[in-house]
Amino acid sequence: MDTVDCPPISFMQFLGTFPLYLRDHYGLLENRIGMLYAVNTIAIVLFEMVLIKFVEKRDPLKLCAIRTLFLCFGSSLMPLGQTFGFAVFTVVVWTFGEMLSAPMLHAVAGQWSPVGAQGKYMAAIAMSFSVAFVIAGPLGTSVYEKIGPHFLWYSVGVLGLGLSYGYWLLSPKFKKPLELKGHTTESD
């Protein structure tokens with residue numbers, strides 16, 4: 001599912017162009033940039049399992065729409081500020097999308113794939129992240145340098161809006177319940 005989604009390539013921007021942007025646009029030093037990565041990690045440790053428990057009975061494609069929106073929208077907010085506090089805010093927004101994404105991604109692929117092809121579908125997702133890891137850096141830094149850093153983050157937001165809308169439209173067509181923790185999202 002995520003092979004055409006916003007997160008693989010845009011998410012990998014947080015490994016490459018994100019620290020460059022924080023240095024260039026926000027004027028942050030390395031230690032402050034490291035603190036922002038720590039905010040991401042701490043938020044995941046404190047809130048991910050609570051969030052997953054809250055959403056486990058929700059429509060998986062609508063959750064894909066929401067997570068894509070938060071991941072990409074959080075990225076596109078970055079040009080709107082220049083303070084450390086605003087950078088923390090953007091990290092919290094895209095981290096919320098990340099928390100929705102990571103645990104459900106393989107469950108959705110494994111459950112919606114044809115019987116006997118679950119491994120292929122899960123491998124395709126893993127491959128999409130591997131390919132994104134390889135091309136995101138050169139692609140992101142090229143856009144960053146040639147077109148502009150603000151354009152990079154705004155384009156991620158626009159892509160996220162389109163993909164979120166697409167997920168939302170597909171949701172009624174795929175009503176297969178998602179199984180998490182050995183039970184379905186339908187009433188037991």
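One-based numbering along the sequence shown. Computed from a predicted model, the values in this text were never measured in an experiment.
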*Asks:* Cluster question for you: counting only ILVMFWY and a side-chain heavy-atom cut-off of under 4.5 Å, with indirect links fine, are F70 and V158 together?
*Replies:*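 Per the 4.5 Å side-chain linkage, F70 and V158 are not co-clustered.
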
*Asks:* If you define the side chain from C-beta out and look only at heavy atoms, does anything of Y167 sit under 4.5 Å from L63?
*Replies:*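 Sidechains of L63 and Y167: no contact.
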
*Asks:* If we ignore hydrogens and angles and just use 3.5 Å, is the side chain of S142 paired with the main-chain N or O of L139 as donor and acceptor?
*Replies:*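 Not at all, since once roles are kept as given, no pair shorter than 3.5 Å links the two residues.
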
*Asks:* Heavy-atom count check: over 12 atoms from other residues, nucleotides or ligands less than 6.0 Å from Y26 OH?
*Replies:*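 Yes - once you tally the heavy atoms of other residues, nucleotides and ligands closer than 6.0 Å, there are more than 12.
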
*Asks:* Would you indicate whether the side-chain heavy atoms of W153 and Q13 approach each other to under 4.5 Å?
*Replies:*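 Yes, side chains in contact.
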
*Asks:* How far does NZ of K146 sit from OG1 of T141, to the nearest 0.5 angstrom?
*Replies:*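 Answer for the NZ-OG1 pair, K146 versus T141, is 8.0 Å.
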
*Asks:* Among pairs that include at least one residue of residues 27-69, which meet ring pair (Phe, Tyr, Trp, His ring centres under 6.0 Å), considering only residues two or more places apart or in two chains?
*Replies:*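 Output for this query lists F18-Y37.
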
*Asks:* If you round to the nearest 0.5 Å, how far is CD of E30 from CG of L22?
*Replies:*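 Going from the CG atom of L22 to the CD atom of E30 covers 12.0 Å.
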
*Asks:* Could you report the tightest heavy-atom contact between S164 and A65, atom names first, then the distance?
*Replies:*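 What the structure gives for the nearest pair is OG-O, 2.8 Å.
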
*Asks:* Using only atom types and a distance under 3.5 Å, with no angle test, would you say the side chain of S75 pairs donor to acceptor with the backbone of V156?
*Replies:*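 Side chain of S75 to backbone of V156: no pair is present.
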
*Asks:* Which atoms form the tightest heavy-atom contact between F86 and L77, and what is the distance?
*Replies:*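 Smallest interatomic distance, heavy atoms only, reads CE2-O, 3.2 Å.
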
*Asks:* Would you say F73 has more than 12 foreign heavy atoms packed within less than 6.0 Å of its CZ?
*Replies:*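 No.
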
*Asks:* Between L80 and Y154, is any pair of side-chain heavy atoms under 4.5 Å apart?
*Replies:*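 Yes, side chains in contact.
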
*Asks:* Starting from V45, can I reach M35 by hopping between I/L/V/M/F/W/Y residues whose side chains sit under 4.5 Å apart?
*Replies:*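 No; tracing contacts between hydrophobic side chains, which count when under 4.5 Å, never links both residues.
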
*Asks:* Taking all non-hydrogen atoms of both residues into account, name the closest pair between L71 and G97 and its distance.
*Replies:*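 Shortest heavy-atom contact: CG-C, 3.9 Å.
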
*Asks:* Got a donor-acceptor contact below 3.5 angstrom from the H150 side chain to the M78 backbone?
*Replies:*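 No, the answer is negative, given that no donor and acceptor are paired below the 3.5 Å cut-off.
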
*Asks:* If every non-hydrogen atom of L100 is compared with every non-hydrogen atom of R67, which pair is closest and at what distance?
*Replies:*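 Of all heavy-atom pairs spanning L100 and R67, the closest is CB-CB, 3.5 Å.
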
*Asks:* Is it true that M99 and L46 fall in one hydrophobic cluster, defined by side-chain heavy atoms closer than 4.5 Å?
*Replies:*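 Yes, M99 connects to L46 through the hydrophobic network.
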
*Asks:* Would L29 end up clustered with V39 when hydrophobic side chains under 4.5 Å apart are linked, directly or stepwise?
*Replies:*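 Not linked; separate clusters.
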
*Asks:* Check whether any side-chain heavy atom of L28 sits under 4.5 Å from a side-chain heavy atom of L36, and report yes or no.
*Replies:*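 Yes - at least one pair of side-chain heavy atoms lies under 4.5 Å apart.
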
*Asks:* Test of understanding: with side-chain contact (heavy atoms from CB on, under 4.5 Å), list the residues that count as partners of P114, not counting sequence neighbours.
*Replies:*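 Counting only residues at least two positions away or on another chain, P114 forms a side-chain contact (heavy atoms from CB on, under 4.5 Å) with A117, Y121.
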
*Asks:* Could you tell me whether the side chain of T90 and the main chain of A87 form a donor-acceptor pair under 3.5 Å?
*Replies:*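 Yes; judged by distance alone, with no hydrogens or angles, the pair exists.
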
*Asks:* If you round to the nearest 0.5 Å, how far is NZ of K120 from CD of Q118?
*Replies:*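 Between atom CD of Q118 and atom NZ of K120 there are 10.5 Å.
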
*Asks:* Is there a side-chain contact between I147 and L152 in this structure, where contact means two heavy atoms from C-beta onward sitting under 4.5 Å apart?
*Replies:*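 Heavy-atom side-chain distance check fails, nothing below 4.5 Å.
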
*Asks:* Can you check whether F96's main-chain N or O pairs, donor with acceptor, with E98's side chain at less than 3.5 Å?
*Replies:*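 Side chain of E98 to backbone of F96: no pair is present.
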
*Asks:* Apart from L169 itself, what residues make up its hydrophobic cluster, given side-chain heavy atom links below 4.5 Å?
*Replies:*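 Via sub-4.5 Å side-chain contacts, L169 links to Y165.
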
*Asks:* What are the two closest heavy atoms between H25 and P79, and how far apart are they?
*Replies:*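 What the structure gives for the nearest pair is NE2-O, 3.7 Å.
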
*Asks:* Can you tell me how far apart CD (E145) and CG (L20) are? Round to the nearest 0.5 Å.
*Replies:*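 It is 8.0 Å, given to the nearest 0.5 Å.
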
